[in-house]
Amino acid sequence: PTLTPTLPAPTPLVPPSEGGLWPMLAGDAAQTGFVAEGLMPLSANPRWSRNPRSSEGTGLVVGGGRVVFGVAGGAVRALDWATGITAWESPLGSKVIGAPALYVSGDDAVAFAAVENGGLYALNLSDGGLAWSKSGDELSGAAYGLTVGGDGALYAATDTGWLHAFNPLTSEAYWSLDLTQSDSFYAPPAITGAGIYLSSAYQALTAINPATLETMWRAETLGVPYTPPSAAEGLGAVFVGTDRGWVYAFSMADGSQWW
C-alpha cells in the first residue's frame with residue numbers, strides 16, 4: 001500500500017451517541033442501518049412525493065437538508081428535504097453507479113458520486129457545483145463502492161480491486177490499497193474501528209486491518225455477495241447476503257462462519 005500519513009485529516013464525524021448524524025447509505029459507515037437516537041416519530045402521510053419518471057435511478061442518501069440520488073442521463077439530483085422541490089441537478093456525462101455518499105460536518109457539506117466511465121465527482125451540497133473530481137485512471141477503475149467513514153475519510157472501492165481513502169474536502173489520497181489479485185468490488189465497504197469489510201465479486205468477504213492495511217481474513221461465500229457488508233460491532237459479527245439466496249454471519253475478529 002502507498003501511505004501518506006502527513007496529510008491533514010478532515011474533521012471526524014460526531015457519533016450518533018453524542019448527538020451527531022452519520023449520513024450514510026445504510027444509516028452509518030458500518031452499513032448496519034442503525035441510528036441510535038435523533039429520529040422523531042413521523043406521520044404515516046407523506047409530506048411530499050416525487051415521481052422519478054425513470055427506472056434508472058440510484059439509491060438515496062440524505063443529509064444536510066438534501067435528498068441526493070443519481071438519475072437517468074448521467075446526472076445527480078438533490079431535492080430539498082422539507083419540500084421535495086429540486087434544489088439542483090448536476091450532469092456528469094456518464095451513468096451514475098450506486099448511491100451517492102455524503103460528508104457533512106459543520107459548514108462543510110459535499111456529495112460524492114461515481115460514474116460508469118470511471119470518474120468520481122465531489123459536488124457542493126448547497127448548489128451542486130463541482131468541488132473536485134478524479135478520473136478512472138487515477139482510481140484504476142470505477143468506484144462502485146463509496147462510504148464516508150466515522151473518521152471523516154471518503155473510502156472508494158473499485159471494480160478492479162482497488163481501495164482508496166481520500167480527504168473528502170481536498171481529494172488528497174491518504175492511501176491506496178491494491179487488492180486486484182484477489183478482489184473486485186461493486187458495493188460500499190463497511191468501515192469500523194475494528195476493520196474495513198468488503199464484499200468481493202470473487203465470492204468472498206474480505207476484512208482489512210485499518211491500522212496496517214493488511215488483509216486480516218477472507219471468507220468464502222456461496223454466490224457473489226449481493227449486499228454491502230453489515231458490521232455489527234456490538235455483536236462482533238459481519239453479515240452479507242449473496243445472489244444465490246444465502247445470508248452469512250462471520251466473526252469480525254477471525255472470519256469464522258457462525259451461520
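The shown structure was predicted, so the numbers you read here are calculated from the model rather than taken from an experiment.
Checked by atom type and distance alone, the side chain of Asn124 never pairs as donor or acceptor with a backbone atom of Asp127 at under 3.5 Å. Of the possible polar contacts, one joining the Thr192 side chain to the Gly195 backbone as a donor-acceptor pair under 3.5 Å is found. Put simply, the side chain of Trp175 never gets that close to the backbone of Leu213: no donor and acceptor are under 3.5 Å apart. Checked by atom type and distance alone, the side chain of Asn117 never pairs as donor or acceptor with a backbone atom of Ser94 at under 3.5 Å. When atom types are taken as modelled, the side chain of Thr32 and the backbone of Ala231 share no donor-acceptor pair closer than 3.5 angstrom. Between the side chain of Thr147 and the backbone N or O of Gly149, no donor-acceptor pair lies under 3.5 Å. The backbone N or O of Ala72 lies less than 3.5 Å from no partner atom in the side chain of Lys95, so there is not a single donor-acceptor pair.
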Begin with the C-alpha distance, continue with both residues' side-chain angles, and end with the deciding distance and a verdict on side-chain hydrogen bond (donor to acceptor under 3.5 Å, both in side chains) for Thr206 and Asp183. CA-CA 8 Å; Thr206 297; Asp183 288 302; 3.0 Å; yes

Before you tell me yes or no, could you show the steps for His164 and Tyr155 under side-chain contact (heavy atoms from CB on, under 4.5 Å), namely the whole-Å CA-CA distance, both residues' side-chain angles and the distance that decides it to 0.1 Å? CA-CA 6 Å; His164 307 279; Tyr155 293 83; over 6 Å; no

Run Glu89 and Val76 through side-chain contact (heavy atoms from CB on, under 4.5 Å) and show every step you take. CA-CA 6 Å; Glu89 185 170 316; Val76 173; over 6 Å; no

Start with the C-alpha distance between Arg77 and Trp88, add both sets of side-chain angles, then the distance that settles side-chain contact (heavy atoms from CB on, under 4.5 Å), and finish with yes or no. CA-CA 6 Å; Arg77 181 180 299 161; Trp88 51 262; over 6 Å; no

Could you walk me through whether Leu205 and Tyr248 pass the side-chain contact (heavy atoms from CB on, under 4.5 Å) check? CA-CA 10 Å; Leu205 189 67; Tyr248 289 89; over 6 Å; no

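The number of heavy atoms from other shown groups lying within 6.0 Å of CH2 (Trp48) is above 12.
Donor-acceptor pairing under 3.5 Å is recorded for the side chains of Thr180 and Asp178. In this model, a donor atom of one side chain and an acceptor atom of the other lie less than 3.5 Å apart for Tyr174 and Asn167. Gln203 and Thr242 are not linked by any side-chain donor-acceptor pair at a separation below 3.5 angstrom, with hydrogens and angles left out of the test. For the residue pair Asp254 / Ser251, a side-chain donor-acceptor distance below 3.5 Å is found, with atom types taken as modelled.
Leu79 has its side chain out of reach of Ile85: every pair of non-hydrogen atoms, C-beta onward, lies at least 4.5 Å apart. At least one side-chain heavy atom of Trp81 sits under 4.5 Å from a side-chain heavy atom of Arg47.
Taking both residues in full, the closest heavy atoms of Gly64 and Val104 are given as N-CG2, 4.3 Å, listed atom of the first, atom of the second, then distance. Considering all non-hydrogen atoms of both residues, Met216 and Ala194 come closest at CE-O, 3.6 Å.
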